[in-house]
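The chains referred to below are lettered A, B, ... by the order of the sequence lines, with proteins before strands, and numbering in each begins at 1. Values in this document were obtained by computation on a predicted structure and should not be read as measured data.
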Amino acid sequence: MARIFGHIPGQPVGSTYARRRDLHDARVHRPTIAGISGTGKEGADSIVASGGYVDDEDYGDVIVYTGHGGRDPNTGRQIRDQELSDPGNAGLVRSHHEGLPVRVVRGQNAESPHAPINGYRYDGLYRVESYGAKVGIDGYRIWQFTLVKIHDAPQESPAESAPPGSVETGPQTEPGPASVIEVLVQRIVRNGKVIQQVKAWYDHTCQICGQQLEVAGGLYSEGAHIQALGSPHQGPDVVENVLCLCPNDHVRFDNGAIYLMDDLKVVNALTGQVTGALKVHPAHRIDVRHVAQHRQRWTTGTPRA
DNA sequence: GGGCCCGCAGGG
DNA sequence: CCCTGCGGGCCC
């Protein structure tokens with residue numbers, strides 16, 4: 001069975017499964033015990049986060065996921081260094097380099113507010129934002145992978161176009177749906193100068209909530225365009241149109257859960273209440289025309305094409 | 001086939 | 001709760 005990257009047809013985000021075997025049967029995550037599905041040559045197509053590794057961190061839209069290896073099978077504690085060459089770890093590295101999306105499944109974990117109460121839940125696609133090694137809680141080197149949720153509109157893998165019974169003979173060239181590859185390429189994060197400049201001004205501090213998100217290897221923030229890029233919004237990729245936000249506030253902002261007034265007060269769209277003021281660095285000029293466009297996009301009732 | 005892995009059930 | 005045995009599936 002070929003490895004599938006991206007969503008599995010018929011398995012929408014939020015689907016729940018009682019046991020690991022059910023995840024396997026649904027092809028959402030094939031291994032029945034292992035947390036990472038993948039190899040160094042192909043990349044990793046899915047992971048399960050069940051809280052089994054003490055160094056894991058789950059922030060919802062950002063997951064710091066510990067690689068495998070080096071554990072005492074009985075106690076679950078690290079008893080030796082992890083190796084990046086182990087298949088699953090190498091797979092996540094490959095996914096990072098290729099920009100491949102990783103299906104994330106969360107398992108029951110009473111200590112995490114993001115985990116299901118029981119069983120397993122498919123929580124959608126993440127990209128491997130970065131990875132690195134550190135000495136874990138148990139005193140051995142671990143490899144950790146920072147996974148960041150992909151918030152684009154769900155991209156269904158195209159249905160198998162080959163009719164049943166149509167068997168390709170000859171060498172397996174693994175045709176692979178081209179559209180999936182295109183989507184992946186589109187999702188490679190642009191880390192251009194504009195976003196880097198904005199992040200530098202704020203040192204990764206969220207302009208809305210003021211928090212700095214610490215991940216392995218440093219701080220993490222996102223450059224958020226106020227007036228969205230591309231059709232139909234046509235916002236420019238300039239510092240006057242970019243905010244430095246934490247992932248959660250980025251999601252809220254991009255989906256209209258929060259918007260800004262012209263004086264840069266922050267408004268909760270559900271309540272209409274001002275919840276604070278945008279924090280702005282003296283050198284950062286924000287163009288209120290983009291602020292107004294974003295606000296009108298989410299507060300006017302005119303349907304959009 | 002050998003070894004590995006973020007299960008699972010059962011018993012104390 | 002912790003520990004045990006018994007595992008399936010996958011990668012090498």
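In this structure, the side chains of A:R106 and A:Y120 stay at 4.5 Å or more apart for every pair of heavy atoms.
Ion pairing between A:R289 and A:E240 fails under the 4.0 Å rule for side-chain N and carboxylate O. The pair A:K149-A:D123 fails the salt-bridge criterion, with no side-chain N (NZ, NE, NH1 or NH2) lying under 4.0 Å from an Asp/Glu carboxylate O.
For an aromatic pair to be called close, the ring centres must be under 6.0 Å apart, and A:Y202 with A:H284 satisfies this. Between A:Y17 and A:H29, the distance from one ring center to the other does not fall under 6.0 angstrom.
Each of A:V148, A:V251, A:L245 was compared with A:E222 under the side chain to side chain contact (heavy atoms under 4.5 Å, CB included) criterion, and only A:V148 meets it.
Here the CG atom belonging to A:L92 is positioned 7.0 Å from the CG atom belonging to A:N89, to the nearest 0.5 angstrom.
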Quick one, give me the B/S/- string for nucleotides 2-12 of chain B, reading 5' to 3', where B means a protein heavy atom under 4.0 Å from the base and S means that only happens at the primed atoms, P, OP1 or OP2. ---BBSS----

Return one dot-bracket line describing DNA chain B 5' to 3' (Watson-Crick or G-U wobble pairs, both distances under 3.5 Å; ( ) same strand, [ ] crossing, | another strand, . none). |||||.||||||

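Between the P atom of C:dG9 and the NE2 atom of A:H29 lies a distance of 13 Å, rounded to the nearest Å. Between A:E42 atom CD and C:dC12 atom C1' the separation is 13 Å, expressed in whole Å.
For residues 62-80 of chain A, the set of pairs meeting the salt bridge (charged side-chain N to carboxylate O under 4.0 Å, His left out) definition, not counting sequence neighbours, comprises A:R77-A:D138.
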